[in-house]
> 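After the structure tokens below, expect a handful of questions from me.
The analysis underlying the following values was restricted to heavy atoms, covering all of them including side chains, and did not include hydrogens, waters or symmetry mates. Lettering of chains follows the sequences in order, A, B, ..., and the numbering in each one begins at 1.
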Amino acid sequence: MTWASHLPIIVVLIPLLTAYITPMLGWMDKRICNPLVIVSTSFAFIASLLLARSVLTRGVISYHMGGFAPPFGIALVVDYFGAYMCIVISFLTLMAAIYSREYIAKELHESKTAPYYTLLMLMTGGMMGASVTGDLFNMFVFFEILSISSYALVAITGKKVAILASYKYLLLGAIGTSFTLVGIAYLYILTGTLNMADLSVRLASLYGVGRSSWTLLVALAFFMVGYSIKAALFPLHTWLPDAHSMAPSSISAVLSGILIKVGALALIRVLFNIFQPEFVVETIPVTSMISWMAAVAIIVGSLFAISQVDLKRMLAYSSVAHIGFIILGVGLATGYGTTGGILHIFNHAMAKGCLFLCAGAIIYKTGLRNIDDLAGLGNKMPFTMAAFTIAALSMIGIPPTAGFISKFYLGLGALETGTWSGWVFIGAILLGSLLTAIFYMRVINNIYFKEPLHREDVQRDETPLGMLIPILILAGGCVIFGIFPRIPLSLAEPAAKLLLGI
Amino acid sequence: MIWGPDIFILAILVVLAIAAVISRDLLVATVIFSGYSLLMAVAYVQLNSPDVGFTEAAVGAGVTTVLFILTIARTARMEEDGS
Amino acid sequence: MVNFGFLLGHYNYWAVVVLFLIGLYAMIVKKNLIKKFMGLNIMDTSIFLFYISMGDVEGGVSPIIAHGGGSDVIYVNPLPSVLILTAIVVAISTTALALSLIIKIYEEYGTLDSDRLVELM
Amino acid sequence: MIIISCLPVIALLSPLIGGIIAYQAGKISETARDLISIVAAIVSFIVIVAMVPTILNGNTIEYSFYYTAISTLPIAFRVGPFPLFLGLVISFAWILSAVYSHRYMERLHSRNRFCLFMSLTLSAVIGTLFAKNMFALFIFFEITLFTSYVLVIHEETPEAMAAGKKYLFLGLATGLVMFFGILLVYLQVGTLDLGKRGILDGVHGNILYVILFTLLVGALFKAGMFPLHVWLHSAHPIAPSPASAVLSGVVVKEGCYVMIRILYDIFGVNLLKTMLVSNWLVLLGGLSIFFGSAMAIRQHDLKTMLAYSTVSKVGYIFLGAALLTPTGLQGAMVQIFHHLLAKSALFFCAGALIYKAGIRDIDQMAGIGKKMPITMMVFTIAALSMIGVPPLVGFASKWYIVLGALEAGRPLAIGFGLVLMLSSLMNAIYFIPIIINAFFTGESEHGEHKEVRPDDVPLSMAVPMVILAIGIIVFGVLSATTSVVVIKPTVNAMMGL
């Protein structure tokens with residue numbers, strides 16, 4: 001089983017190599033791009049599952065590239081959290097790739113097919129890399145790969161607004177990049193290493209030591225700002241609604257479903273892997289600060305979502321709220337809370353991915369984006385709309401969907417803190433859930449219970465099968481993992497425990 | 001610890017950066033920026049990093065400037081008034 | 001309490017801070033989209049300068065074997081240079097993408113002023 | 001016995017699967033659809049009946065998906081006497097309403113959807129009844145909200161949508177409050193199991209009051225108790241009549257059931273007695289009785305009046321349960337049983353009037369008794385039971401509640417005696433004139449049911465009504481026997497005696 005020990009690098013290399021092959025093959029025949037991408041993401045998905053299995057049986061895997069031991073060589077470190085993220089990333093990308101086959105044919109000009117898949121694979125490779133890397137600068141590089149490809153993907157349709165949205169995204173993203181680069185520099189000055197495990201050991205001796213602890217704080221602040229932009233944490237979310245609503249829907253699903261979660265992953269890595277939990281929780285209450293920001297994000301994001309008329313924009317604002325749920329859970333830094341936050345990464349990825357794919361299917365079939373125009377779609381596209389409803393219920397957190405389980409864990413985590421702010425946080429979680437219900441129920445009511453404008457127009461006109469299958473798989477996942485939450489929890493729980501050191 | 005570049009170079013860098021930012025003519029700004037990059041490359045070499053210095057000279061002063069000039073050629077040369 | 005000698009002795013870092021702020025200022029305050037990215041480049045180069053400065057050692061020489069090697073030669077830390085080479089590539093690709101978007105925006109909207117773009121959106 | 005332990009799941013799944021099959025069948029044949037949904041309800045009923053011997057032997061039936069949910073909180077079922085008793089009645093009432101809706105619904109749109117969501121609601125209600133822990137209970141409780149929401153807004157008119165919105169969002173909000181309470185309980189004691197009487201024993205301090213308040217908010221909303229009744233009088237009347245019967249007869253009972261489980265299983269009698277909240281809860285029940293009756297008197301729309309009457313009857317149930325005495329709880333249970341029969345019958349009658357004569361208003365009912373004798377006879381029996389006329393089952397429940405109040409203490413008993421008298425009087429005020437009007441007044445000149453021929457509703461609608469009326473009489477007469485055989489053991493199990 002020698003190849004199994006190379007799994008950490010395999011999951012990164014599969015998408016990256018595909019990204020290089022795709023344009024070459026695409027140059028010969030465009031039709032080959034999609035099967036190629038689907039096959040390679042399937043392999044990446046299987047590899048991620050195997051990786052998760054070996055992490056679960058053997059514990060954290062450290063892989064040294066080129067055989068150089070850290071801190072000199074670049075290390076890939078796959079812990080429970082990294083393996084978990086790999087599964088989520090490859091799974092959702094696989095769904096988006098299957099969906100793209102028919103969707104892209106209509107949405108994009110033929111000449112853009114190969115670039116589209118190339119960028120998609122680059123982005124996936126970047127996300128996978130950021131999840132498994134154990135080196136801070138390496139993380140920066142992977143982040144750049146995924147960011148730049150996502151900027152391009154947002155603009156790929158070439159529509160007026162999409163380009164502007166992409167520009168806005170790029171501008172803020174570039175600021176975020178620079179900030180993280182500065183943060184890395186500070187840590188490097190202090191410790192002389194970039195390996196995360198090494199950093200955490202060396203930083204531990206610096207806590208509370210005069211000037212260096214101030215330097216640490218500055219570094220932490222730069223990281224917080226930089227990765228908060230990538231994760232679209234309020235108030236640095238301003239790029240998200242434009243970018244996610246203007247991108248092609250398959251890309252929106254990936255962006256909202258996992259890309260911002262990779263930003264959250266970076267925040268978590270910085271907070272808990274590089275800095276020690278005791279430092280960020282007790283010495284300097286950074287976690288409680290980001291929890292407050294996340295609580296505001298939940299409320300503000302939901303309120304903005306309520307006021308939207310455009311379906312995809314509403315979904316995008318809903319992502320602002322839900323990244324708030326994730327960060328809030330992580331920031332609570334309690335066993336239940338962090339588990340809930342990590343679990344919600346998975347649950348939100350499925351639900352939001354499904355919702356964006358459904359929105360794409362609606363646009364594909366009818367060209368409608370406005371929520372008020374959706375009347376009668378329940379009869380027109382019954383399966384798509386049923387999937388939409390299930391995913392929306394999961395977003396609200398209605399049992400037995402997966403969203404309920406994460407809400408349960410987040411609520412327990414908030415109460416577990418035992419402080420008054422915990423009660424405020426649970427208030428934010430519950431209120432956020434209610435507000436989420438308001439805007440999703442509006443859509444559901446429009447779809448099912450509103451007289452269509454022209455009744456005779458309503459005929460059964462379902463989404464093509466190639467697009468429907470990923471939608472249904474994701475919607476099914478929302479229910480299955482609500483009834484069997486132990487499957488994601490088997491990774492999420494040890495991940496949270498490992499991060500918190502409990 | 002750090003004695004590398006003359007303080008003079010750094011001062012000029014700052015002046016050039018400010019000049020590049022406040023210039024309303026984008027072409028002028030680009031030229032100033034090119035000079036800034038070149039000087040920055042010198043600073044890198046002074047700091048015992050010749051490899052970065054060469055790269056910066058090629059990429060920062062060269063490619064970036066060309067890209068900026070190409071962009072300006074295809075868009076507007078002057079900054080518009082904010083009003 | 002404040003060690004002025006320390007502060008003045010590290011004028012590289014002061015230059016880094018000033019340049020970083022100039023770049024950030026340009027990115028946030030300037031209305032012209034091209035100018036914003038000129039600001040980004042200034043900001044990035046200042047960060048590179050930061051890395052290079054911290055890698056430098058008093059009396060050190062470039063980590064090139066041409067000096068004859070030997071244990072008495074103090075080399076500067078090569079790692080920051082390597083990192084910066086990567087970062088320069090990243091910065092140029094970001095800039096290239098941004099500028100191509102800017103050209104597209106100008107074709108579509110006929111302006112590069114961010115205030116007017118917000119109105120047109 | 002594996003089969004026996006699977007029975008709760010079968011009872012839950014048969015309406016679920018039956019509903020989905022019926023939905024598909026409905027696209028081909030309407031009759032087939034209704035047959036399938038009736039069969040599903042009957043299967044569910046038979047399965048619940050099959051559980052009776054085991055329970056009577058003093059055992060409980062348990063079924064868990066141990067490996068599916070969070071380790072300490074499996075989605076599990078446990079059937080004891082009380083859930084079984086309620087499950088029997090509810091699934092039986094469901095058969096009747098499925099039969100009833102066959103003809104009633106034929107004039108309305110989206111019949112397949114209606115049928116599907118009726119079945120889903122039944123499934124969710126049975127899940128709530130049989131849930132082993134509060135976690136599973138809450139899951140089914142929330143599902144009921146959504147499935148019954150679809151029933152409320154069935155007409156899709158702006159009023160229906162508004163009523164549905166109120167129902168849904170208040171339900172969600174109170175559900176979240178209850179969810180908060182559940183989290184508090186779990187963090188305090190690390191379990192949510194409903195099998196042990198009083199899992200909160202050993203917890204002290206103000207947190208208990210917070211838990212009691214938050215949990216009851218959720219349960220009392222669904223039950224339609226006084227301060228949280230605001231949705232009930234708009235949501236129940238606007239639904240199609242079979243759905244109204246189900247909502248008022250069954251879904252409200254689900255709330256009452258959850259409320260009783262909270263009081264007796266989460267808190268337990270001893271803890272509640274030390275918390276000194278009994279009197280306040282009784283007061284709340286009394287307020288609900290008064291308020292519901294008073295508002296019912298003012299109504300002209302028959303279904304709205306019935307909905308307000310539900311508010312007052314739920315007050316009885318709550319009051320009986322809050323007395324914390326065996327007889328009081330017994331009264332509450334009989335009241336649940338009675339109200340389920342009588343209110344379903346009344347809504348069926350109201351539906352029959354709408355179906356046959358298009359009457360919604362009380363004032364238009366003059367003389368209708370001569371044209372629709374069966375309907376109005378059923379109406380009369382159910383209404384008399386509501387008022388509490390002796391041989392009927394409604395009397396028994398009031399009787400037990402009075403006895404329970406006596407057990408609880410003299411001042412309470414006197415106070416409650418007054419409440420009871422007054423409310424019975426008020427019930428009489430709003431029911432008796434309708435009956436007199438219907439049977440003994442001539443048809444008003446601008447009566448809107450002139451075209452109604454003097455035949456009654458179709459057989460498939462008449463039979464369920466008549467069965468309910470017979471049930472009211474029979475169980476009223478046999479109330480002494482049934483209470484010994486069924487209710488007493490149940491109560492003893494609940495009280496831990």
> Can you confirm whether more than 12 heavy atoms, excluding those of A:F383, are under 6.0 Å from its CZ atom?
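Counting neighbours around CZ of A:F383, 12 or fewer heavy atoms of other residues, nucleotides or ligands fall under 6.0 Å, so no.
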> What I'd like to find out is whether the side chain of A:I429 reaches to under 4.5 Å of the side chain of D:L176, using heavy atoms alone.
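No; the side chains remain at least 4.5 Å from each other.
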> Any heavy-atom pair between the side chains of D:L183 and A:Y336 that's under 4.5 Å?
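The answer is no; the side chains never approach within 4.5 Å.
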> Counting C-beta onward and ignoring hydrogens, is there a side-chain heavy-atom pair between D:E156 and A:N445 closer than 4.5 Å?
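Heavy-atom side-chain distance check fails, nothing below 4.5 Å.
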> Give a yes or no on whether D:Y209 atom OH has more than 12 heavy-atom contacts from other residues, nucleotides or ligands under 6.0 Å away.
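Counting neighbours around OH of D:Y209, more than 12 heavy atoms of other residues, nucleotides or ligands fall under 6.0 Å, so yes.
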> Is there a side-chain contact between A:F449 and D:H154, using heavy atoms and a 4.5 Å cut-off?
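The answer is no; the side chains never approach within 4.5 Å.
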> How about D:F138 and A:F408: are their ring centres within less than 6.0 Å of each other?
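That pair fails the under 6.0 Å test.
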> Side chain, backbone, both or neither: which part of D:I153 has a non-hydrogen atom closer than 4.5 Å to chain A?
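The side chain, not the backbone.
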> CD1/A:I396 to CZ/D:F146 distance, rounded to the nearest 0.5 angstrom?
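Nearest 0.5 Å value for the CD1-CZ distance: 5.0 Å.
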> Heavy-atom cut-off 4.5 Å, strictly under: side chain, backbone, both or neither for D:F179 against chain A?
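For D:F179, side-chain heavy atoms alone lie under 4.5 Å from chain A.
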> Does any heavy atom of chain A fall under 4.5 Å from the side chain of D:L145, the backbone, both, or neither of them?
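Contact with chain A is absent: no heavy atom of D:L145 under 4.5 Å.
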> Which atoms of A:L430 come close to chain D, meaning under 4.5 Å heavy atom to heavy atom: side chain ones, backbone ones, both, or neither?
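For A:L430, heavy atoms of backbone and side chain both lie under 4.5 Å from chain D.
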> I'd like to check D:Y149 versus A:M441 (side-chain heavy atoms, cut-off strictly below 4.5 Å). Are they in contact?
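In contact.
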> Could you check whether atom OH of D:Y23 has more than 12 heavy atoms from other residues, nucleotides or ligands sitting under 6.0 Å from it?
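At most 12 heavy atoms, drawn from other residues, nucleotides or ligands, come within 6.0 Å of this atom.
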> For A:P400 and D:I143, work out which heavy atoms get closest and say how close.
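So the two residues come closest at CD-CD1, 3.7 Å.
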> Does the side chain of A:L415 reach to within under 4.5 Å of the side chain of D:F180, using non-hydrogen atoms?
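Yes. Closest side-chain heavy atoms under 4.5 Å.
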> A:I398, A:L393, A:L434, A:L412: which one forms the most heavy-atom pairs within less than 4.5 Å of chain D?
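Sorted descending by pairs with chain D, the first entry is A:L412.
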> Return the CD1 to OG1 distance between D:I139 and A:T401, rounded to the nearest 0.5 Å.
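The distance works out to 9.5 Å.
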> Of the backbone (N, CA, C, O) and the side chain (C-beta and beyond), which part of A:I438 lies under 4.5 Å from a heavy atom of chain D, both, or neither?
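For A:I438, the contact with chain D is made by backbone and side chain together.
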